[in-house]
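Note sheet for the following structure.
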Amino acid sequence: MSHSATAAPKCPSFNQIPDSLPNTYGIDTSLKFTPEEVEALRSLAHEVAALAELPIQAQRKKWWTEHNDLVSDRPLVFCDPEFGWNEIIPQDVLVTRDPLARVWEMALRKEIFWGTKMMDDRVIENYFNVPLHYTDSQWGLQEIRVGGDDGGAYTWEVALKDYDEDFPKLRTPVIDVDKEMSARILGLAQDIFGGILRVRRSTP
């Protein structure tokens, strides 16, 4: 099984990456959510906004600032279950149907779990991040993944096997941003979450 950063995952909301939203390229969305989907997303956004207003969030920001300024001995804890999220929040818990709506719903539910159950030192903020919509040409070589179905364990065959034969295949990746689609997705998020969360552009 080969893996490409620009290939559409089987279930986009299943594709967990650390503390971020995946690239929207390849997600088969109509960009027209149903009223029920919008209502569900806005309800979850209100929960995130309420968590972001708790005094502990400001305290955690202070702790991280002191930690990064090297003026604190307090150890700080950050937990990200990564693919474990799919056990914490199974796909059948999601109530939205549009693939992009499900990605956004998963992101909001993760924030709520972080703020109510995880109880690490990660700060819950009043933001909803929307990445750019882009393709990535990659490096010219790609490992072959063996296994890994449905988020399970996998191994891989290395991409660079023969220096003389394979090294010349390497190339500088090209990121091609679809500005029109990026703007449409950002606008959709602003329409849904505006007045609840501060929608901003943020691409991992």
Side-chain angles (χ1 to χ4, degrees), residues 1-27 29 37 40-65 67-68 74-132 136 143 145-156 189 193 196-200 202-204:
M1 175 185 293
S2 64
H3 172 81
S4 170
T6 59
K10 185 177 181 180
C11 299
S13 54
F14 190 83
N15 184 26
Q16 303 299 321
I17 59 177
D19 193 24
S20 188
L21 282 172
N23 178 16
T24 52
Y25 176 82
I27 295 179
T29 176
E37 289 174 325
L41 291 172
R42 288 177 62 84
S43 177
L44 293 169
H46 277 294
E47 291 189 53
V48 173
L51 289 169
E53 293 300 315
L54 294 176
I56 188 60
Q57 309 303 345
Q59 182 63 62
R60 287 172 178 158
K61 286 183 180 181
K62 181 174 182 292
W63 287 338
W64 281 108
T65 299
H67 174 77
N68 291 330
R74 187 185 190 279
L76 294 173
V77 177
F78 167 70
C79 299
D80 190 338
E82 298 189 9
F83 263 99
W85 282 116
N86 295 311
E87 298 178 29
I88 295 169
I89 307 171
Q91 292 292 298
D92 58 9
V93 168
L94 305 184
V95 298
T96 55
R97 300 266 61 89
D98 181 276
L100 180 59
R102 290 174 69 82
V103 168
W104 289 358
E105 181 184 352
M106 186 69 168
L108 293 167
R109 289 187 182 277
K110 286 165 66 175
E111 292 294 310
I112 294 166
F113 188 90
W114 246 311
T116 61
K117 303 295 184 182
M118 193 89 76
M119 306 305 292
D120 63 352
D121 293 314
R122 181 179 178 275
V123 180
I124 307 298
E125 298 187 277
N126 188 23
Y127 290 115
F128 187 80
N129 296 325
V130 180
L132 288 164
D136 180 350
E143 81 280 3
R145 293 194 179 188
V146 181
D149 295 337
D150 297 324
Y154 62 87
T155 185
W156 66 79
F193 301 120
I196 307 172
L197 298 174
R198 287 177 282 176
V199 176
R200 64 179 180 180
S202 180
T203 302

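When a residue number appears, it is its place in the shown sequence, counting from 1. On a predicted model such as this, the values are computed, not experimentally measured, just so you know.
Listed by chain and number, the residues in a side chain to side chain donor-acceptor pair (under 3.5 Å) with R198 amount to none (sequence neighbours excluded). Remark: D120 engages W114 in a side chain to side chain donor-acceptor pair (under 3.5 Å) (not counting sequence neighbours). For R109, the salt bridge (charged side-chain N to carboxylate O under 4.0 Å, His left out) partners are E105, not counting sequence neighbours. Every side chain to side chain donor-acceptor pair (under 3.5 Å) that K62 has, sequence neighbours left out, goes to E66. Checked against ring-ring contact (aromatic ring centres under 6.0 Å, His included), H67 has the following partners two or more places apart in sequence or in another chain: W64. The side chain to side chain donor-acceptor pair (under 3.5 Å) search around Y154 returns R145, not counting sequence neighbours.
The main-chain N or O of Q91 is found under 3.5 Å from a side-chain atom of R102 such that the two form a donor-acceptor pair. Without hydrogens or angle criteria, N129 side chain to S202 main chain gives no donor-acceptor distance under 3.5 Å. Under the 3.5 Å distance criterion, the side-chain polar atoms of E37 are matched with a main-chain donor or acceptor of R97. The closest donor-acceptor contact from the side chain of Q57 to the backbone of I124 lies under 3.5 Å.
The CG atom of N86 sits 9.0 Å away from atom CD1 of I88, with the distance rounded to the nearest 0.5 Å. Remark: N126 CG to F193 CZ distance equals 12.0 Å, nearest 0.5 Å. Annotation: the span from E47 atom CD to I196 atom CD1 amounts to 11.5 Å, rounded to 0.5 Å. Rounding to the nearest 0.5 Å gives a distance of 5.5 Å between CG of L100 and CD1 of I27. Summarising the geometry, atom CZ belonging to R42 is positioned 9.5 Å from atom CG belonging to L197; distances are rounded to the nearest 0.5 Å. Here the straight-line distance linking atom CG of L44 with atom CD of E111 works out to 11.5 Å at 0.5 Å rounding.
Within a 6.0 Å radius of CH2 in W63, more than 12 heavy atoms belonging to other residues, nucleotides or ligands are found.
Contact between T24 and P131 at its shortest, heavy atoms only, is CG2-CG, 4.5 Å. Across all non-hydrogen atoms, the minimal contact from L132 to T203 is N-OG1, 2.8 Å.
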Exercise for review: Please step through salt bridge (Lys or Arg N to Asp or Glu O under 4.0 Å) for the pair D121 and R74, ending with a clear verdict.
Suggested key: CA-CA 11 Å; D121 293 314; R74 187 185 190 279; 3.6 Å; yes
Practice item. Show the numbers, then the answer: is there a side-chain contact (heavy atoms from CB on, under 4.5 Å) between V123 and I56? Key: CA-CA 8 Å; V123 180; I56 188 60; over 6 Å; no
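Judged by the 6.0 Å distance and 45° axis criteria, R200 is positioned over the aromatic ring of Y127.
A perpendicular orientation is assigned to the rings of F113 and W85, their planes being inclined by more than 60° (bins at 30° and 60°).
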